[in-house]
Peer 1: 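Pasting in a structure now, in structure tokens, and then I'll have a few things to ask.
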Amino acid sequence: MTHRSDLLTVLQERGYVHQMTDAAALDALAATQVVPGYIGFDPTAPSLHVGSLVQIMLLRRLQQTGHKPIVLMGGGTGKIGDPSFKDEARKLLAADGIAINVASIKRIFERFLTFGDGPTDAIMLDNAEWLDRLEYIPFLREVGQHFSVNRMLSFDSVKLRLDREQSLSFLEFNYMILQGYDFVELSRRAGCRLQMGGSDQWGNIVNGIELARRMDGTEVFGVTTPLITTADGGKMGKTMAGAVWLHEDQLPHFDYWQFWRNTDDRDVGRFLRLFTDLPLDEIARLESLPGAEINEAKKILATEATAMCRGRAAAEDAAETARRTFEEGGSGEALPQIAAGADGIGVVDALIGLGFAKSRGEARRLIAGGGARLDGEKVTDEGLTLRPAAQPLRLSAGKKLHGIVTN
């Protein structure tokens with residue numbers, strides 16, 4: 001499909017679009033004026049992880065094509081937690097914990113977006129500004145009357161939970177009403193015309209669009225992205241060691257770079273389009289590299305994705321560490337490290353200390369399954385004591401996790 005606007009052209013070409021409401025009208029609007037668009041992020045942790053990156057990149061594409069990104073921090077909705085496609089209620093966070101997480105997460109967006117007072121400069125708002133001030137009875141009268149419980153029960157995010165006979169609290173059930181109201185408030189405060197999100201947010205987005213029309217007569221739009229999974233069907237951003245965090249204080253630069261370097265061959269082109277700014281013709285060349293040459297494309301993906309999130313210097317340092325570690329056999333100072341001490345350290349304790357296993361049982365299973373290697377050789381004895389001599393030892397868990405055992 002050919003679009004008039006740069007916005008929809010770029011989103012379509014790079015693979016961001018799953019569903020859209022009234023694509024023709026949104027395309028016409030984006031071709032003729034600046035469109036403010038938002039995505040909401042609930043501050044459930046001090047950092048976002050790679051699973052949120054496609055949404056951050058969506059805001060980046062919005063700005064790159066001449067429109068205005070609005071980052072909405074869920075200081076208000078975060079006190080409830082989005083129940084969409086969750087098996088159980090999230091643990092409720094205290095207000096001070098939410099505030100700390102909001103302040104921490106803000107740093108991430110400054111690396112991907114340009115903030116300021118200009119017409120296409122990004123802004124950051126917090127829905128606690130309006131949600132915390134709502135009075136219950138007036139809110140029910142003004143907003144609640146526009147929601148049909150019958151329809152709310154039909155949304156997949158709710159229906160699946162009920163079909164499984166899993167509890168859905170009244171608190172969580174209200175989340176979609178509050179998110180819909182966010183769209184109305186952003187339309188009023190910032191002229192927002194577009195809400196974007198993952199495919200699991202479709203019902204919430206449609207609710208907000210209908211609420212804006214019913215309350216204010218405003219035409220607004222929605223775009224969702226596909227669920228990003230890996231070629232083997234796994235969830236994007238999940239590894240043996242847990243979530244791939246965007247903040248460097250929760251995941252070292254090298255580990256972030258190595259996550260992208262370990263991309264499946266089949267995912268290289270797709271991830272280059274989604275997570276880097278490389279031109280499409282260059283991406284087409286890289287993804288078509290034959291045989292082992294595809295590894296060069298993976299290194300470029302790793303370096304470009306890391307540079308965007310962590311800075312060019314960090315990305316190049318991580319790439320050089322990988323080259324020295326895996327191509328020249330060096331130790332690599334940027335790898336996670338653990339000291340053996342005077343008496344050495346057991347391989348099980350080393351795997352746990354490096355973050356490659358969460359328990360002794362998990363470490364033993366890793367060894368029994370042939371997943372632990374010492375300087376490239378398979379570890380077969382779970383009672384092995386590591387005693388680095390002149391050179392540090394390189395301990396690996398599978399093909400993706402590598403660390404250094406020092407004196």
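Only this structure's heavy atoms are used, side chains among them; waters, hydrogens and symmetry mates stay out.
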Peer 1: Might you work through the salt bridge (charged side-chain N to carboxylate O under 4.0 Å, His left out) test for D121 and K68, ending with a clear yes or no?
Peer 2: CA-CA 6 Å; D121 286 340; K68 188 177 186 68; over 6 Å; no
Peer 1: Where the side chain of D216 meets the backbone of A212, is there a donor-acceptor pair that is under 3.5 Å apart?
Peer 2: no
Peer 1: What I want to find out is whether E210 reaches R213 closely enough, with some N-O distance under 4.0 Å, to be called a salt bridge.
Peer 2: no
Peer 1: Would R273 and E287 satisfy salt bridge (charged side-chain N to carboxylate O under 4.0 Å, His left out), going step by step from the backbone distance to the final call?
Peer 2: CA-CA 10 Å; R273 281 185 284 274; E287 69 178 330; 3.0 Å; yes
Peer 1: Evaluate the side-chain proximity of L194 to L26: yes if any heavy-atom separation is below 4.5 Å, no if none is.
Peer 2: yes
Peer 1: Determine yes or no for a side-chain-to-main-chain donor-acceptor pair under 3.5 angstrom, with Y16 supplying the side chain and L274 the backbone.
Peer 2: yes
Peer 1: Atom OG1 of T385 and atom CG of D343: how far apart are they, to the nearest 0.5 Å?
Peer 2: 9.5 Å
Peer 1: On the six-membered ring of F221, is R193 placed so that its NZ or CZ lies under 6.0 angstrom from the centre and within 45° of the ring axis?
Peer 2: no
Peer 1: How long is the gap from CG on D27 to CE on M20, to the nearest 0.5 Å?
Peer 2: 8.0 Å
Peer 1: Report yes or no: does D126 contribute a side-chain atom to a donor-acceptor pair with the main-chain N or O of E129 at less than 3.5 Å?
Peer 2: no
Peer 1: Distance from T380 atom OG1 to R373 atom CZ, nearest 0.5 Å?
Peer 2: 11.0 Å
Peer 1: Decide yes or no on salt bridge (charged side-chain N to carboxylate O under 4.0 Å, His left out) for R285 and E282, but give the supporting numbers first.
Peer 2: CA-CA 5 Å; R285 183 189 71 81; E282 173 64 5; 2.9 Å; yes
Peer 1: Do we see a donor-acceptor contact under 3.5 Å between the side chains of D182 and W130?
Peer 2: yes
Peer 1: Judged by atom type as modelled, is there a donor-acceptor pair below 3.5 Å linking the side chain of T65 to the main-chain atoms of L62?
Peer 2: yes
Peer 1: Side chains of Q201 and Q195: do they bring a donor and an acceptor to under 3.5 Å?
Peer 2: no
Peer 1: With side chains defined as the heavy atoms from C-beta onward, is the minimum distance between V54 and M57 less than 4.5 Å?
Peer 2: no
Peer 1: Please report the closest heavy-atom contact between L227 and S199, naming both atoms and the distance.
Peer 2: N-OG, 3.8 Å
Peer 1: Measuring from atom CZ of F115 to atom CE of M124, what distance do you get when rounded to the nearest 0.5 angstrom?
Peer 2: 4.0 Å
Peer 1: So which of V268, L272, I294 actually passes side chain to side chain contact (heavy atoms under 4.5 Å, CB included) with T263?
Peer 2: V268
Peer 1: For D255 and P336, work out which heavy atoms get closest and say how close.
Peer 2: OD1-CD, 3.6 Å
Peer 1: Between T303 and I300, is there a donor-acceptor pair closer than 3.5 Å when you use the side chain of the first and the backbone of the second?
Peer 2: no
Peer 1: Tell me whether the count of non-hydrogen atoms from other residues, nucleotides or ligands lying under 6.0 Å of CG in D381 goes above 12.
Peer 2: yes
Peer 1: Counting C-beta onward and ignoring hydrogens, is there a side-chain heavy-atom pair between R60 and Q63 closer than 4.5 Å?
Peer 2: no
Peer 1: For the pair N204 (side chain) and M176 (backbone), establish whether a donor and an acceptor sit closer than 3.5 Å, ignoring hydrogens and angles.
Peer 2: no
Peer 1: Give me the atom names and distance for the closest heavy-atom approach of I108 to S47.
Peer 2: CD1-OG, 3.9 Å
Peer 1: May I ask you to test the T120-H67 pair for a side-chain heavy-atom distance under 4.5 Å?
Peer 2: no
Peer 1: Considering only NZ, NE, NH1 and NH2 on the basic side and carboxylate oxygens on the acidic side, decide whether R61 and D277 come within less than 4.0 Å.
Peer 2: yes
Peer 1: Any ion pair linking E185 and R189 (charged N to carboxylate O, less than 4.0 Å)?
Peer 2: yes
Peer 1: Using only atom types and a distance under 3.5 Å, with no angle test, would you say the side chain of N127 pairs donor to acceptor with the backbone of G76?
Peer 2: yes
Peer 1: Hydrogens and angles aside, do T44 and D42 bring a side-chain donor and acceptor to less than 3.5 Å of each other?
Peer 2: no
Peer 1: Give the intermediate values and the outcome of salt bridge (charged side-chain N to carboxylate O under 4.0 Å, His left out) for residues E248 and R111.
Peer 2: CA-CA 13 Å; E248 57 270 25; R111 302 169 186 176; 3.1 Å; yes
Peer 1: Is any side-chain heavy atom of C309 closer than 4.5 Å to a side-chain heavy atom of F112?
Peer 2: yes
Peer 1: Taking 4.0 angstrom as the limit, do R312 and E304 come out as a salt bridge?
Peer 2: yes
Peer 1: Give me the atom names and distance for the closest heavy-atom approach of A350 to L386.
Peer 2: CB-CD1, 4.1 Å
Peer 1: Quick check on side chain to side chain contact (heavy atoms under 4.5 Å, CB included): which of V184, L211, L134 does V143 satisfy it with?
Peer 2: L211
Peer 1: Could you report the tightest heavy-atom contact between E362 and F356, atom names first, then the distance?
Peer 2: OE2-O, 4.1 Å
Peer 1: Please report the interatomic distance CD1(I177) to OG1(T77), rounded to the nearest 0.5 Å.
Peer 2: 13.5 Å
Peer 1: Can you tell whether the side chains of K298 and D265 come within less than 4.0 Å, N to carboxylate O?
Peer 2: yes
Peer 1: Is any side-chain heavy atom of T225 closer than 4.5 Å to a side-chain heavy atom of Q19?
Peer 2: no
Peer 1: Short question: side chain of S288, backbone of A284 - any donor-acceptor pair under 3.5 Å?
Peer 2: yes
Peer 1: Examine the side chains of H253 and R310 and answer whether a donor and an acceptor come within less than 3.5 Å of each other.
Peer 2: yes
Peer 1: Looking only at atom types and distance, does a side-chain atom of R261 sit under 3.5 Å from a main-chain N or O of A302, one as donor and one as acceptor?
Peer 2: no
Peer 1: Flag the pair R364 / V348 as yes when at least one side-chain heavy-atom distance between them is below 4.5 Å, and no otherwise.
Peer 2: yes
Peer 1: Flag the pair Y38 / L59 as yes when at least one side-chain heavy-atom distance between them is below 4.5 Å, and no otherwise.
Peer 2: no
Peer 1: Once you measure the plane-to-plane angle for F275 and W260, does it fall in the parallel (<30°), tilted (30-60°) or perpendicular (>60°) bin?
Peer 2: tilted
Peer 1: Please answer whether the main-chain N or O of F183 pairs with a side-chain N or O of S187 as donor and acceptor at a distance below 3.5 Å.
Peer 2: no
Peer 1: How long is the straight-line distance from CG of D249 back to CZ of R107, given to the nearest 0.5 Å?
Peer 2: 5.5 Å
